[in-house]
Amino acid sequence: MTKKKMGKDAINAVVGYSYQKFENYSWNHVGYGGTNGEFNKNLGAFKKQLSWGDSTKSELQSYFGRVNYSIGDKYFLTGTLRVDGSTKFGTNNKYGYFPAFAGKWKIGNENFVPKSVFNDLAVRLNWGQTGNQEFPGGIAQAVSQHNYNGSDVPINAANPNIKWETTTTYGAGLDFAILDGRLSGSVDYFNKSTTDLLFLAVYAQPAAVKQRWVNLPGNVRNTGVEVGLNFQAVQAKSFTWEVLYNMTFLKNTIENFGSANINTGNVDGQGLSGAYAQRFSNGYALYSFYLPTFTGLDANGLGTYADNGASTIVGNPIPSFTFGFTNNFTFGKFNASLFFNGSSGFYLYNNTANALFLAGSLKTGHNVSYDVLNSNENPLNAGSVSTRFLEKGDFIRLANASVGYTFDLPASSKIKTLRVSLTGQNMFVITNYSGLDPEVNTNKAKDGVPSRGMDYTAYPKARTFTLGLNLGF
């Protein structure tokens, strides 16, 4: 590391190298063939023994450097470069190169900015790239399973050209503080694009191999605005009130993906074998719901669908708006805190309702919802996957609430500090979603492709109360 002062200017630089090695081993041993079918905890008592294992190994080495340059406590420039090499990748693309640049102008330090108005004012610009190598080691090569009968079954096809997944981000920000610092905050615009996405392609069987890791064409783009505010609303001697607020507006889009479509979001339930609810498709968000549009029940109690039941993109589970809102209070020896969070602009697929809350469930003795019980649905109506079970997930939740009291103790007391507190988590949630919890994500992956926003018999968040006692001696 090098530092140097040049009058009002300063420069410092850092260079480095790191090396990491990862090894994972698994070993399994079972016994079978016991006499008379008795239960025995002693593995050695079984007549036959079977052992098998596996191991993975990968190495990561990195070269990195950073230069910071400041000019008169007004202008700040930063440049970094990382060169990462991983044995996980194919022989042609083991190394990735990831530069980044950032600049900041502290406008508040300029003479033309009224100090009586702005306690702080600055603008920021940034551009940079990061790499991702989070996939199993060794699978850029051909992998076969060796069976006990001596045969080898190909599992993974080699891909010497697989490369680092790269995320490029650029953005701009504004920092400010006014009212003698009582109100401060930041506003940031971001534009993030991920290319060469790592993806496990599973081939329809029969095929020469089961799967192969590839880099998908196109990119996934996230754009939006983040706002963070801190307001000292009341600063009296016996009472204070602090408000913290943050919110994010987000748009997610798959770009340059061509005509390829990748399906995911398996839907479970009787008669729903092979059904799915989501699709990755060019021009739409990740995990978009791809469903027939349900238009109601006809006179016979059977479902009707638009366009003869053709599926279309009908929303996605990624919130377009999220927020967090914290209020901290002190009143004499009391203190209290309330934290709310919420999201809007997203959908959930209620697979639980699709599988269980149908008129046909009454015939098998299962419980149904009140709406189903009082509808004209025919018990013979098929519970097909459709927008009938797609719901808005918008919610507001009181995620955390706490109150505490700090006691005054005499100087002669052996206990120097004493505080009691009561905290509640997940106090209540306001939502129109008919399921148990709008913050749900049951794993409904299809062929290894992850899903999002699927609800299937998911357990809701617990409501928890904690009584605390803090003692200091």
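Hydrogens, waters and symmetry mates are skipped; everything else that's a heavy atom, side chains included, is used.
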Checklist entry - Side-chain contact, heavy-atom cut-off 4.5 Å: Y170 with Y189? => result yes
Item to check | Audit row: F339, R397, side chain to side chain contact (heavy atoms under 4.5 Å, CB included) steps and yes/no | outcome: CA-CA 9 Å; F339 171 63; R397 185 191 302 271; over 6 Å; no
Checklist entry - Quick one: does D394's side chain have a donor or acceptor within less than 3.5 Å of a partner on G345's backbone? => result yes
Item to check | Side-chain heavy atoms of S311 within contact of R279, under 4.5 Å | outcome: no
Next on the checklist: I'd like to know if the side chain of K163 reaches the main chain of D196, judged simply by a donor and an acceptor atom lying under 3.5 Å from each other, with no hydrogens or angles considered.
Outcome noted: no
Item to check | Listed once per pair and sorted, the side chain to side chain donor-acceptor pair (under 3.5 Å) pairs that draw on residues 327-336, sequence neighbours left out | outcome: T240-T330, W241-N327, E242-N328, N328-S337, K333-D408, N335-R419
Next on the checklist: Nearest 0.5 Å, please: how far is OG1 in T326 from CG in L338?
Outcome noted: 9.0 Å
Checklist entry - For F135 and F89, what are the C-alpha separation, side-chain angles and deciding distance, and is it a ring-ring contact (aromatic ring centres under 6.0 Å, His included)? => result CA-CA 10 Å; F135 72 115; F89 292 97; 5.2 Å; yes
Checklist entry - Taking the side chain from N282 and the backbone from F257, do they hold a donor-acceptor pair closer than 3.5 Å? => result yes
Item to check | Check: Q129 and P99 side chains under 4.5 Å, non-hydrogen atoms | outcome: yes
Next on the checklist: Rounded to the nearest 0.5 Å, what separates atom CZ in F289 from atom OG in S386?
Outcome noted: 12.5 Å
Checklist entry - Does the side chain to side chain contact (heavy atoms under 4.5 Å, CB included) test come out yes or no for F76 and N68, once each step is laid out? => result CA-CA 7 Å; F76 302 84; N68 294 326; over 6 Å; no
Checklist entry - Do Y433 and N350 have side-chain heavy atoms sitting under 4.5 Å apart? => result yes
Checklist entry - Rounded to the nearest 0.5 Å, what separation is found between the CH2 atom of W213 and the CD1 atom of I162? => result 7.5 Å
Checklist entry - Should Y349 and Y347 be marked as a ring-ring contact (aromatic ring centres under 6.0 Å, His included) after you check the CA-CA gap, both sets of side-chain angles, and the distance that decides it? => result CA-CA 7 Å; Y349 193 81; Y347 288 84; over 10 Å; no
Next on the checklist: For the CD atom of E226 and the OG1 atom of T322, what is their distance to the nearest 0.5 Å?
Outcome noted: 8.0 Å
Next on the checklist: Using modelled atom types and a 3.5 Å cut-off, is there a donor and acceptor pairing between side-chain atoms of T264 and backbone atoms of A445?
Outcome noted: no
Checklist outcome for this item: On a heavy-atom basis, the closest approach of G265 and K446 is N-CB, 4.3 Å
Checklist entry - Does any non-hydrogen side-chain atom of D455 lie less than 4.5 Å from one of N351? => result no
Next on the checklist: Whether the side chain of D447 engages the backbone of V202 through a donor-acceptor N/O pair (distance < 3.5 Å, no angle test) should be reported.
Outcome noted: no
Checklist outcome for this item: What one should report as the nearest heavy-atom pair of A306 and T295 is N-CG2, 3.7 Å
Next on the checklist: Before you tell me yes or no, could you show the steps for V225 and V187 under side chain to side chain contact (heavy atoms under 4.5 Å, CB included), namely the whole-Å CA-CA distance, both residues' side-chain angles and the distance that decides it to 0.1 Å?
Outcome noted: CA-CA 7 Å; V225 175; V187 181; 4.1 Å; yes
Item to check | Intermediate values then yes/no, side chain to side chain contact (heavy atoms under 4.5 Å, CB included), W127 and T168 | outcome: CA-CA 7 Å; W127 178 93; T168 302; 3.5 Å; yes
Item to check | Distance in Å, L286 CG paired with I254 CD1, rounded so as to fall on 0.5 Å steps | outcome: 4.5 Å
Checklist outcome for this item: From the list V220, N132, T130, side-chain contact (heavy atoms from CB on, under 4.5 Å) with T167 holds only for T130
Next on the checklist: Take a 6.0 Å sphere around CD of Q270 and say whether it holds more than 12 heavy atoms from other residues, nucleotides or ligands.
Outcome noted: no
Next on the checklist: Pairing donors with acceptors under 3.5 angstrom, does anything connect the side chains of Q278 and S451?
Outcome noted: no
Checklist entry - Is the Y19 to Y17 ring centre distance short of 6.0 Å? => result no
Checklist entry - Under 30°, 30 to 60°, or over 60°: which ring-plane class applies to F323 and F321, parallel, tilted or perpendicular? => result parallel
Item to check | N432 atom CG, neighbour heavy-atom count above 12 within 6.0 Å | outcome: no
Next on the checklist: Has N230 got a side-chain atom pairing as donor or acceptor with L244's backbone, closer than 3.5 angstrom?
Outcome noted: no
Item to check | Derivation of the ring-ring contact (aromatic ring centres under 6.0 Å, His included) call for Y287 and F280 | outcome: CA-CA 6 Å; Y287 314 105; F280 294 178; 5.3 Å; yes
Item to check | Any L250 side-chain heavy atom under 4.5 Å of F190 side chain | outcome: yes
Next on the checklist: I'd like to know if the side chain of T442 and the backbone of Y456 have a donor-acceptor N/O pair within less than 3.5 Å.
Outcome noted: yes
Next on the checklist: Test your reading of the model: is there a side-chain donor-acceptor pair from T87 to the backbone of S58, 3.5 Å cut-off?
Outcome noted: no
Checklist entry - Between the main-chain N or O of A233 and the side-chain N or O of R182, is there a donor-acceptor pair closer than 3.5 Å? => result yes
Checklist entry - Crowded around F22 CZ? As in, over 12 foreign heavy atoms under 6.0 Å? => result yes
Next on the checklist: Is the shortest side-chain heavy-atom distance between T248 and N246 below 4.5 Å?
Outcome noted: no
Item to check | F340 and Y245 aromatic centres sub-6.0 Å | outcome: no
Item to check | Pairwise side-chain contact, L200 with V449, heavy-atom cut-off 4.5 Å (strictly under) | outcome: no
Next on the checklist: We want to know whether N261 and Y290 form a side-chain donor-acceptor pair, criterion being a heavy-atom distance below 3.5 angstrom.
Outcome noted: no
Next on the checklist: Testing the 3.5 Å rule here: is there a donor-acceptor pair between the side chains of S62 and D84?
Outcome noted: yes
Checklist entry - Within the side chain of R221, is there an N or O that forms a donor-acceptor pair under 3.5 Å with the backbone of T253? => result no
Checklist entry - Does NZ in K392 sit with more than 12 non-hydrogen atoms of other residues, nucleotides or ligands closer than 6.0 Å? => result no
Checklist outcome for this item: dist T169:OG1 -> N191:CG (nearest 0.5 Å) comes out at 8.0 Å
